[in-house]
Number of protein chains: 2
Amino acid sequence: MCAKKVTIREVAKRAGVSIATVSQILNGKAMNFNPLTVQKVQAARDELGYKADHLARQMVGKQSKTIGILVPEITNSFFSTLVKGIEEELLRSGYISMLCNGGFNGAKEEKALLELAKRGVDGFIIASPSISDEVLKEVLQIKKRPVIVLDQKTFSERSDEVTTDDFNGGLLAARYLKKMGHTKVAVIVPDLATVNIMYRLQGFLVEFPQALQIKTELSKSGGQAVVAELLEQNIEAVFALSDELAFGIYLGMRQKNKSIPNDLSVIGYDDVEMCRYVTPALTTVAQPIYELGKQAADLMIKRLASPNSPYVKRVLPVKLVIRSSVEVKI
Amino acid sequence: MCAKKVTIREVAKRAGVSIATVSQILNGKAMNFNPLTVQKVQAARDELGYKADHLARQMVGKQSKTIGILVPEITNSFFSTLVKGIEEELLRSGYISMLCNGGFNGAKEEKALLELAKRGVDGFIIASPSISDEVLKEVLQIKKRPVIVLDQKTFSERSDEVTTDDFNGGLLAARYLKKMGHTKVAVIVPDLATVNIMYRLQGFLVEFPQALQIKTELSKSGGQAVVAELLEQNIEAVFALSDELAFGIYLGMRQKNKSIPNDLSVIGYDDVEMCRYVTPALTTVAQPIYELGKQAADLMIKRLASPNSPYVKRVLPVKLVIRSSVEVKI
DNA sequence: TTGAAAGCGCTAACAT
DNA sequence: ATGTTAGCGCTTTCAA
């Protein structure tokens, strides 16, 4: 009812002890105190509904229990489910997420990171291909706060890391295409290449070293733009390095009155939710995106708990999900 | 380079003035000071690269420049673009977003809101159908922090509000269907009905009072589940109260080997990005989702600037986007 | 076993 | 025009 904030002082007064005692007892050091005192303090706290003020606490150097998250584009299904995974795992441990959207824009990302740092986040989870190492280092150095780099880019040797098995993903896609009897294949390569995407490509090229490589933007419209060339070159099957790209190809094909998979087989990457709903349903390499987020959060929580343990790298498995966008030619 | 935090004291020393002077000058009260002093202080700040500590500032009762955002499901395209709009507008004014995902779960939402409150957010932007009024009020009362309720639910008369013209949206959909010659129509109604969705329905029913109403969950799988009944009842055209629902219907239809729009016309709501990429491209009522987010953020910023101005309600226009999922029968 | 007191970095009222 | 000082709510030595 009454909106007054109850402070530690009131609890102390009510319990008839000093504020120091209250602080101690309420912070896990109860064992050093007379059980009776403990009792009184806890009772007082409960009666008054006392909750320690987060901000005051941070000021004295405690954790903020807040993690900064930076993604390039929350609107992208991949990142939104990633964020969901992170956010849920974090909240479970009492951490909260501060989200920033970098928009693939270096300057904005830097600003966002700085703002996050100002608010005293305990750590950063960063998934952004365009963030530069220098910015990262700069932000990092302001205070010794842990960073977890996700998927998009390797960050030297100074952080934990979670990735998926990109190389294998590429391989899986290629093998499937080969098995289905395709030989004249292409792969769409983003102009803004990141480490993990390159691994996918490498995996793919193991089976199809001669594959036609077409560069474009890693987005729906990027995919759409590439259809003309695909058709000109008489490509049978194309490996899109992301589902987004594949969806763009779908649209491009429809606009040219061509059909998938008759006129062109396409295989995507990510296994975003919409893959099932698109026509024909998109065959794709599934990354455990939600799990990726959870793992990242988990790593962060562990790191915060023991800041000096050696850096960890986790790699999550991928798998092929066969649906209807690849023609069976044999 | 050096990770030490530079405090106001060092700036003061360097400039040869007191910390109070520094604080004043750096907080817009420079006009009361000797230009020379101002000069010195600013120089000192720049040389040292001083940035006021956010937390210390908050402690003395300043704003945190942080807004708490609660959405039910960030994974949903509608909410992710909403969040993007909010986040971008906020960041532009130096505010940062703390995002929580409610997951349509009252308890989790409450927890999230409480965590946000603990971190001293200046205000809340809440878009969640399942949040109860009591929880909202409770959180609100802890401190007098403004709330903006978005879309999903009206929150008594104690907050600003942004919505879109839902009634008109429903009307638009109905009129189009009628104009295209459809008479045997259905509308999918979510079992968890929110105010704005009800308006859509009402608008639709103006033109089709006798429309078949089918209840289901407001999600892709909800849409999928409803296809059987649609077919049984020989419905010609269906109004899905959200694009998600429509996508579900697409899948359901494909599974039954039926085609859209030949066997069933469908019209969606929201105009999520995927509408263009789905086959056939989905005709839908477009809400300016991104704009909705921006407006909400804008409202919040204004409210924070003048806490006592009268509450505002903005309603944004919607429009019909005609694509290929409705059959032209005339 | 408990309490007094010194900050954390900043702002704002009050002196000078 | 500028400096002094008292907090904000909490944690943490250090003494008692």
Exercise: do A:S64 and A:R119 side chains pair donor with acceptor under 3.5 Å
no
Pairing donors with acceptors under 3.5 angstrom, does anything connect the side chains of B:Y95 and A:E115?
no
[X] [atom1] to [N] [atom2], straight-line distance once rounded to whole Å:
X	N	atom1	atom2	result
B:H54	D:dC8	NE2	C1'	16 Å
A:Q24	C:dT2	CD	P	11 Å
B:E10	C:dC8	CD	C1'	14 Å
A:N32	C:dG3	CG	C1'	15 Å
B:R9	C:dC10	CZ	P	8 Å
A:L26	D:dC10	CG	P	10 Å
A:L36	C:dT1	CG	P	13 Å
A:D53	D:dG9	CG	C1'	6 Å

Which one, [options], comes nearest to the side chain of [X]?
X	options	value
A:N34	D:dC10, C:dT1, C:dC10	C:dT1
B:I8	D:dG3, C:dT11, D:dC8	C:dT11
A:K29	D:dT12, C:dT2, D:dC10	D:dT12
B:F33	D:dG9, D:dA1, C:dC10	D:dA1
B:R57	C:dT11, D:dT13, D:dG9	C:dT11

D:dT11 phosphate, OP1 or OP2, under 4.0 Å from A:N27 side-chain N/O
yes
Below the 4.0 Å mark, does C:dT2 have OP1 or OP2 next to a side-chain nitrogen or oxygen of A:T21?
no
Starting from the 5' end of DNA chain D, give me the residue, B:V17 or B:V60, whose nearest nucleotide shows up first.
B:V17
Considering heavy-atom distances to DNA chain D, does B:T37 or A:S23 have its closest nucleotide positioned more toward the 5' end?
B:T37
In this structure, are over 12 heavy atoms from other groups packed under 6.0 Å from B:K111 atom NZ?
yes
Rounded to the nearest 0.5 Å, what separation is found between the CG atom of A:L70 and the CZ atom of A:F124?
9.5 Å
B:A20 near the nucleic acid: base, sugar-phosphate alone, or nothing, with a heavy-atom cut-off under 4.0 Å?
base
Hey, does B:I19 reach any base, or is it just sugar-phosphate, or nothing, if we go heavy atoms under 4.0 Å?
base
Check whether any side-chain N or O of B:T7 sits under 3.5 Å from a backbone N or O of B:R9 as a donor-acceptor pair, and report yes or no.
yes
